[in-house]
Amino acid sequence: MSIQGTGAPLRIATMLQTDGPGGAESMVFRLSEQLRDDGHTVLPVTAQGGIGWLGEQCRRAGLTPEFVRIGHRWIDTVFLRDLLGVIRRHSIQVVHSHEFEMAVYGTLAARIARIPHIFTMHGGLTVWKAWQRRVALRWAIRNSNRAVVVSGATREQFARELSVRESSLLVIPNGVPVVAGDPAGPREEFGIDPSEVVVLAVGNLERNKGHRELLAALLSLDSSATVRWRLIIAGGRGGPERDFLVEYARANGMDGRVHIALGRSDIPDLQALADIFVMPSLWEGMPMATLEAMVAGKAIIASDTGGIPEALTHEREGLLVPPGDVGALTRALQCLLHDAGRRRNLGGAARERALANFTVQAMTDRYQTLYREALSRT
């Protein structure tokens with residue numbers, strides 16, 4: 001299939017098996033919205049009967065998503081049939097899948113439909129659990145026009161675990177919108193005094209996100225801290241860590257200063273309220289929330305893992321600490337809690353770097369180039 005002119009609008013399906021809220025879901029929504037704003041016809045495709053966050057975000061933005069039933073059988077012919085039906089019904093020209101199930105089934109559906117397929121992997125923690133998944137993903141890499149990962153660290157991990165060449169994987173960092181938040185709403189909601197220093201963490205309540213370490217670090221500095229702090233954890237869709245975190249905060253007398261909030265659609269407002277943003281993950285790809293904090297000009301403390309050091313230089317755009325190191329996290333918090341000038345300097349440098357490299361438009365432009373290159377070879 002070919003299109004007339006290199007600037008002709010395309011019909012693109014953006015497909016993800018989960019529907020958030022979460023980093024991959026936010027990226028798919030923002031990519032879809034920006035592609036639409038750039039003149040393309042975009043069809044978001046996500047799971048039927050899921051949480052519903054991604055579909056609702058798309059509808060609010062004027063996008064009309066399609067929903068498919070995603071089964072749990074190893075070979076799901078009904079799922080494949082439904083994907084093919086969506087592609088053919090909407091005359092899709094390019095399929096862009098995200099994460100494992102959509103990457104594999106999207107590859108197969110696009111091959112049957114004889115249209116280009118590109119897929120993006122946002123992380124790899126669950127991909128290696130079974131040899132069948134590794135085989136399927138290697139097949140998808142070979143049979144797609146391009147396989148994309150969100151950071152150099154993710155590329156190294158995928159290449160090692162899948163035994164493929166790094167050159168078979170292209171790095172395109174995630175991008176975030178440039179949005180000015182309003183802190184007034186969450187300040188009133190959580191009853192935060194202007195004299196308090198607000199620490200923000202954003203991420204689903206899963207063990208990998210390191211929220212246990214963050215609470216332990218805040219507890220360990222309590223006796224020496226001369227400023228009052230509040231912690232807000234915007235916990236996305238929640239997760240198995242919620243009960244532990246709530247009980248830990250209660251048992252240690254922190255529950256009045258620790259707020260765990262789920263399903264938030266006001267992350268820019270929370271970023272505007274925050275004085276310090278913390279990403280204490282044990283492993284990450286290229287976390288959207290950290291990029292959002294950079295765009296918001298926040299002082300950032302983040303784990304030196306995954307793609308994070310590709311976005312932040314230690315002591316220039318933020319403070320990097322070894323993942324899982326409570327002592328190092330405590331020292332970084334102690335430093336920034338007491339130094340507003342340091343917070344301003346780090347936040348300004350982070351915003352400058354993010355605006356140059358990590359916006360939604362920069363990300364979308366890179367993907368549009370891939371779509372057109374793939375179509376030109378079809």
Side-chain angles (χ1 to χ4, degrees), residues 11-33 35-36 41-92 95-110 112-113 117-127 129-130 132-133 136-137 140 202-209 234-243 260-267 288:
R11 300 183 67 85
I12 305 161
T14 54
M15 310 199 309
L16 175 65
Q17 68 258 20
T18 56
D19 60 354
E25 294 85 357
S26 295
M27 181 273 197
V28 169
F29 165 65
R30 289 161 177 168
L31 175 64
S32 300
E33 186 179 41
L35 286 167
R36 187 273 313 276
T41 297
V42 183
L43 180 72
V45 181
T46 189
Q48 184 180 66
I51 294 172
W53 180 88
L54 179 56
E56 182 60 26
Q57 292 295 111
C58 289
R59 283 189 289 263
R60 288 180 181 177
L63 295 161
T64 303
E66 282 268 4
F67 298 91
V68 294
R69 185 201 58 77
I70 300 176
H72 299 286
R73 297 191 303 273
W74 175 237
I75 299 176
D76 193 334
T77 56
V78 176
F79 179 27
L80 176 61
R81 181 201 65 194
D82 290 348
L83 285 183
L84 274 169
V86 168
I87 289 169
R88 288 167 171 163
R89 189 162 61 249
H90 293 273
S91 301
I92 296 299
V95 174
H96 185 177
S97 301
H98 297 260
E99 302 292 51
F100 175 77
E101 281 85 357
M102 284 297 191
V104 173
Y105 280 94
T107 302
L108 185 54
I112 294 171
H117 181 253
I118 290 162
F119 73 88
T120 299
M121 296 299 295
H122 297 256
L125 288 175
T126 63
V127 173
K129 286 186 176 181
Q132 296 98 324
R133 293 171 70 90
L137 199 53
V202 177
N204 294 322
L205 304 182
E206 298 166 354
R207 184 66 188 94
N208 178 62
K209 293 299 182 180
R237 58 178 173 265
E241 286 287 283
R242 183 180 185 181
D243 290 346
I260 299 176
L262 306 183
R264 304 296 297 204
S265 60
D266 61 346
I267 298 300
M288 301 287 288

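Only this structure's heavy atoms are used, side chains among them; waters, hydrogens and symmetry mates stay out.
Remark: the backbone N or O of Ala61 is paired with a side-chain donor or acceptor of Arg36 at under 3.5 angstrom. Proximity of a side-chain donor or acceptor of Gln17 to a complementary backbone N or O of Met102 within less than 3.5 Å is detected. Side-chain atoms of Ser97 do not come within 3.5 Å of backbone N or O of His117 as any donor-acceptor pair. Side chain of Asp76 to backbone of Val78: a donor-acceptor contact under 3.5 angstrom is found. Looking at Arg69, its side chain never comes within 3.5 Å of a backbone N or O of Ala47 through a donor-acceptor pair. Put simply, the side chain of Ser32 never gets that close to the backbone of Pro44: no donor and acceptor are under 3.5 Å apart.
Of all non-hydrogen atoms in Gly55 and Phe67, the two that sit nearest each other are CA-CZ, 4.1 Å. Smallest separation of non-hydrogen atoms from Phe100 and Ala136: CZ-CB, 4.1 Å. Contact detail for Thr107 and Ala140: the closest heavy-atom pair is OG1-CB, 3.6 Å. Looking at every heavy atom in both residues, Met288 comes nearest to Gly23 through CG-O, 3.5 Å.
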> Does the pair Leu31 and Leu35 meet the rule for a side chain to side chain contact (heavy atoms under 4.5 Å, CB included), with working shown?
Replying inline: CA-CA 6 Å; Leu31 175 64; Leu35 286 167; 3.8 Å; yes
>> Assess the residue pair Leu80 and Ile112 against the criterion (side chain to side chain contact (heavy atoms under 4.5 Å, CB included)); give the C-alpha distance rounded to whole Å, side-chain angles, the decisive distance to 0.1 Å, and a yes or no.
In response: CA-CA 10 Å; Leu80 176 61; Ile112 294 171; 4.2 Å; yes
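Taking the charged nitrogens against the carboxylate oxygens, Glu56 and Arg59 do have a contact shorter than 4.0 Å, which makes a salt bridge. Looking at Asp19 and Arg237, no side-chain N of the basic residue comes within less than 4.0 Å of a carboxylate O on the acidic one, giving no salt bridge.
A heavy-atom distance below 4.5 Å is found between the side chains of Val95 and Met15. Residues Leu43 and Ile92 form a side-chain contact, since some pair of their non-hydrogen atoms from C-beta on lies under 4.5 Å apart. Side-chain atoms of Gln48 and Ile70, non-hydrogen and from C-beta on, never get closer than 4.5 Å to each other. Taking 4.5 Å as the limit, every side-chain heavy atom of Gln57 sits out of range of all side-chain heavy atoms of Glu25. Contact of the Val28 side chain with the Glu99 side chain is not registered, since no non-hydrogen atoms from C-beta on lie closer than 4.5 Å. For the pair Met121/Leu137, a side-chain contact is recorded, criterion being any heavy-atom separation below 4.5 Å from C-beta on. Side-chain contact between Trp53 and Ser26 is present, with at least one heavy-atom pair separated by less than 4.5 Å. A 4.5 Å side-chain heavy-atom check between Thr18 and Thr46 finds every atom pair outside the cut-off.
The distance from the CG atom of Leu205 to the CG atom of Leu262 is 6.0 Å, given to the nearest 0.5 Å. Considering CZ of Arg88 and CG of Leu84, their distance stands at 4.5 Å, rounded to 0.5 Å. Between atom OG1 of residue Thr64 and atom NE2 of residue His90 there is a gap of 9.0 Å, rounded to the nearest 0.5 Å. With rounding to the nearest 0.5 angstrom, the CD atom of Glu66 is 10.5 Å from the CG atom of Leu83.
When the shell of 6.0 Å around CZ of Arg242 is examined, it contains 12 or fewer heavy atoms from other residues, nucleotides or ligands.
Ring geometry for Phe79 versus Tyr105: interplanar angle of 30 to 60°, hence tilted.
Neither side chain, His98 nor Thr14, offers a donor N or O lying under 3.5 Å from an acceptor on the other.
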